[in-house]
Amino acid sequence: MKEKKELSDIIVPLAVIVAFLIIWQLACTFSWVPRYMLPSPIEVVKAFIDDFPLLMSHARVTLLEAVLGLGFGVALGFGCAALMDSFPVVKKGLYPILVITQTIPPVAIAPLLILWFSYGVTPKVILVVLVAFFPMAVGLLEGFQSVDKDMINLMKSMNAGRWQ
């Protein structure tokens with residue numbers, strides 16, 4: 001049954017956001033923080049409006065890079081999870097490497113990708129693939145391995161193939 005949303009569920013988060021924006025604006029107005037380090041919320045909104053066409057042209061490229069990287073990351077993660085689930089020896093060999101690779105922050109890899117692949121779309125897409133791949137592979141592997149054995153037996157009794 002769906003719970004009824006109370007007015008406080010909306011007002012409390014809005015009040016926190018408004019309070020945060022007021023404190024931020026006051027900090028900038030009274031120069032508690034240098035302007036070059038943190039512009040005021042009003043300056044941010046003004047810059048957003050003034051530079052909207054430029055931001056949208058860059059947003060198109062950024063969205064393309066994100067979609068490509070996510071698509072490749074999901075596909076690779078799915079394939080890797082399927083291989084690790086199907087062949088235990090692949091899981092024993094690959095899973096520790098996957099875990100170890102997550103100790104390297106993406107910020108450390110980004111300069112190397114730029115050196116190897118130059119400027120452009122490729123290093124950015126590869127970085128998104130690296131970020132999306134691990135959670136997808138591990139999550140799918142956990143999902144594959146948590147399937148109820150009774151459900152698998154039911155499918156077998158209905159003459160389902162391995163991939164079904």
Side-chain angles (χ1 to χ4, degrees), residues 2-3 5 9-10 12-14 16-18 20-21 24 33 36-39 41 43-156 158 160-164:
K2 228 178 186 180
E3 290 183 33
K5 200 160 186 110
D9 292 340
I10 296 170
V12 171
L14 280 176
V16 169
I17 291 170
V18 168
F20 174 76
L21 288 172
W24 178 7
V33 179
Y36 65 89
M37 286 179 67
L38 182 68
E43 290 172 336
V44 171
V45 170
K46 185 179 180 307
F48 180 76
I49 292 168
D50 292 344
D51 296 333
F52 188 77
L54 178 65
L55 290 170
M56 289 303 104
S57 70
H58 289 289
R60 190 175 308 119
V61 175
T62 302
L63 188 61
L64 173 70
E65 293 164 347
V67 167
L68 283 173
L70 185 62
F72 287 128
V74 168
L76 287 172
F78 186 86
C80 187
L83 281 173
M84 288 190 295
D85 185 55
S86 298
F87 306 105
V89 69
V90 173
K91 181 183 177 192
K92 285 181 185 175
L94 202 55
Y95 195 79
I97 295 170
L98 289 178
V99 172
I100 289 171
T101 61
Q102 293 307 296
T103 62
I104 303 168
V107 174
I109 297 171
L112 293 174
L113 292 174
I114 291 171
L115 287 173
W116 295 338
F117 299 104
S118 182
Y119 294 102
V121 174
T122 307
K124 298 169 197 165
V125 170
I126 292 172
L127 195 60
V128 174
V129 168
L130 293 173
V131 169
F133 168 75
F134 178 78
M136 188 55 81
V138 171
L140 279 169
L141 179 63
E142 293 294 321
F144 289 156
Q145 293 181 342
S146 67
V147 174
D148 187 8
K149 300 298 178 197
D150 290 336
M151 291 293 173
I152 293 173
N153 291 332
L154 174 65
M155 292 297 288
K156 286 180 182 177
M158 298 170 76
R162 173 145 172 77
W163 291 103
Q164 290 174 315

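Everything numeric here is computed off the predicted structure, so don't read it as measured data.
Closest non-hydrogen pair, Pro41 versus Leu21, comes out as CG-O, 3.9 Å. Contact record, Leu70 with Val128: N-CG1, 3.6 Å, taken as the closest heavy-atom pair. Nearest heavy-atom pair, Gly73 versus Ala132, reported as atom, atom and distance to 0.1 Å: CA-CB, 4.3 Å. The two residues Val129 and Gly69 come nearest to each other via the heavy atoms CG2-O, 3.3 Å. The two residues Leu127 and Pro106 come nearest to each other via the heavy atoms CD1-O, 3.7 Å. In terms of heavy atoms, Phe117 sits closest to Pro123 at CB-CD, 4.1 Å.
In this structure, the side chains of Phe72 and Ile126 stay at 4.5 Å or more apart for every pair of heavy atoms. Residues Thr101 and Phe133 are not in side-chain contact: their nearest non-hydrogen atoms beyond the backbone lie 4.5 Å or more apart.
The aromatic rings of Phe48 and Phe52 sit perpendicular, their planes meeting at an angle over 60°, well past the 30° parallel limit.
Within a 6.0 Å radius of CE in Met151, other residues, nucleotides and ligands contribute 12 heavy atoms or fewer.
With Met84 as the partner, the side-chain contact (heavy atoms from CB on, under 4.5 Å) test is satisfied by one option alone out of Val138, Val89, Leu141: Leu141.
Remark: Leu68 CG to Leu63 CG distance equals 9.5 Å, nearest 0.5 Å. Taken from CZ in Phe78 to CG in Leu83, the straight-line distance is 10.5 Å, to the nearest 0.5 Å. Residue Thr62 holds its OG1 atom at 7.0 Å from NZ of Lys124, rounded to the nearest 0.5 Å.
Judged as a side chain to side chain contact (heavy atoms under 4.5 Å, CB included), and not counting sequence neighbours, the contacts of Leu54 are Ser57, His58.
Pairs of residues two or more places apart, or lying in two chains, never qualify as side chain to side chain donor-acceptor pair (under 3.5 Å) while including a residue from residues 102-119. Judged as a side chain to side chain donor-acceptor pair (under 3.5 Å), the pairs with a partner in residues 129-148 (not counting sequence neighbours) are, in order, Lys91-Gln145.
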